[in-house]
Amino acid sequence: MSRSNDNSGLKDFSYYTRGVRQRDKRILAKTITLIESARYEHQQLARAVVNALLPYTGNAVRLGISGVPGAGKSTFIETLGSCLVNQGHLVAVLAVDPSSQRSGGSVLADKTRMEKLSTAENAFIRPSPSGGTLGGVAGKTRETMLLCEAAGYDVMIVETVGVGQSETTVASMVDFFLLLMIAGAGDELQGIKKGVLEVADAIAINKADGDNVERANMARKQIEAVLHYLMPASPTWSPRALTCSSLDPEDDGIKAIWSTVLEHRETMGNSGELDAKRRRQAVDWMWSLVEEGLKTRFYKHPEIESRIGEITRHVAAGEMAPTVAADELLFSLDNKETV
């Protein structure tokens, strides 16, 4: 791999590693853009950069946040992030915007929704398009998280697209998964996938302010009752139900949520579950990349490229069953050069 500048716009290998370690926000942003690139030479360099920075990762608190539409995720993150910055923490927010299924475009408006936090010296906000990736997280969120940790950020906040069937993906890359809900959510629990509730380490009822305090407390009690019947993901931690108001930086609920995150970290750390969880996450990540790579190489294989159009037309015309067509494509490589 060449480490010199070339006409594709690549910088020297050390330019990225040194810049990230020095917490140069401009270079950090460029490095994240590098790993998000689909170009082969960019991917080659990005892998080398991430691998070189790996020894400097793993020390941050990794917090994933999801929630129902209108739960106020961005406002909550700005309030929590601002409180943490004021306490001396270095906070990185990876905010994932949904991509258009038609154009692939994304609004990427999180920086405008977090005006105060985005201007804080000790905060870094990176909005990224989900690119249609299942789980509400961008395809390169894990690598981006590692880069931010290598830059010295000690609190990682991953904001996901929203509650959905595959939303539990975020739980596979963070230490603590917080589900944000709003008053009245107790009546809406049937609309939330059971799997999402089962991986939540805490559920917070946001917007518990003004005339909404009583309704928020009622919703919290309803959720506590539901959590009582769910099997906890950890033998040493039972999910909590809390209330908070993102409008007040001094809100006791915001402070209680952060205290809960730290209590969870200490409990899981003392039991050895945190290290075991991260090791399992790393292996799972590897296999997910293998599956993604196999799929990509399959579609790029010359034999598949030469037959996929014809077979697709036969299926669309009702001349071939999808099961037969799938076998034709999958097993056409048996006597060919392997993928």
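What you see is a predicted model, and the numbers here were worked out from it, not measured in a lab. Sequence positions, counted from 1, serve as the residue numbers for this chain.
The side chain to side chain contact (heavy atoms under 4.5 Å, CB included) search around S288 returns W285, not counting sequence neighbours. Scanning for side chain to side chain donor-acceptor pair (under 3.5 Å) contacts around R47 gives Q44, with sequence neighbours left out. Every residue two or more places apart in sequence or in another chain that forms a side chain to side chain donor-acceptor pair (under 3.5 Å) with K255 is listed here: E250. Remark: L247 engages D209, S245 in a side chain to side chain contact (heavy atoms under 4.5 Å, CB included) (not counting sequence neighbours). Residues satisfying the salt bridge (charged side-chain N to carboxylate O under 4.0 Å, His left out) criterion with E328, sequence neighbours excluded, are R307. Applying the side chain to side chain contact (heavy atoms under 4.5 Å, CB included) criterion to N217, with sequence neighbours excluded, gives V213, R220, T243. In this structure S271 satisfies the side chain to side chain contact (heavy atoms under 4.5 Å, CB included) test together with T236, E273, sequence neighbours excluded.
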Residues 85-93 side chain polar contacts: donor-acceptor under 3.5 Å, at least two apart:
unit_1 : atom_1 : unit_2 : atom_2 : d
N86    : ND2    : S82    : O      : 3.2
H89    : ND1    : D154   : OD2    : 2.8

What pairs of donor and acceptor atoms, side-chain ones from residues 54-63 against any protein atom, are under 3.5 angstrom apart with sequence neighbours left out?
unit_1 : atom_1 : unit_2 : atom_2 : d
T57    : OG1    : L54    : O      : 2.7
R62    : NE     : E149   : OE2    : 2.7
R62    : NH2    : E149   : OE1    : 3.0
R62    : NH2    : E149   : OE2    : 3.4

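Sorted by first and then second residue, the salt bridge (Lys or Arg N to Asp or Glu O under 4.0 Å) pairs involving residues 315-327 (not counting sequence neighbours) form an empty list. Screening residues 214-255 for ring pair (Phe, Tyr, Trp, His ring centres under 6.0 Å) gives W237-H264 as the qualifying pairs, with residues at least two apart or on separate chains. Identified under the salt bridge (Lys or Arg N to Asp or Glu O under 4.0 Å) test for residues 260-270, with sequence neighbours left out: D175-R265, R240-E263.
Under the 3.5 Å distance criterion, with hydrogens and angles disregarded, a donor-acceptor pair is assigned to the side chains of T33 and R126. One side chain, S74 or E159, offers a donor N or O that lies under 3.5 Å from an acceptor on the other. In this structure, a donor-acceptor pair under 3.5 Å is absent between the side chains of S172 and R280.
Using a 4.5 Å heavy-atom threshold, the side chains of L53 and Y16 count as separate.
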### Task
Show your reasoning for whether salt bridge (charged side-chain N to carboxylate O under 4.0 Å, His left out) applies to K140 and E143.
CA-CA 5 Å; K140 300 297 182 180; E143 291 99 321; 3.8 Å; yes
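Distance check, rounded to the nearest 0.5 Å: CZ of R18 to CG of D24 gives 10.5 Å.
Proximity of a side-chain donor or acceptor of S118 to a complementary backbone N or O of E115 within less than 3.5 Å is detected.
Hydrophobic clustering of Ile, Leu, Val, Met, Phe, Trp and Tyr side chains at less than 4.5 Å, counting indirect connections, keeps M218 apart from I205.
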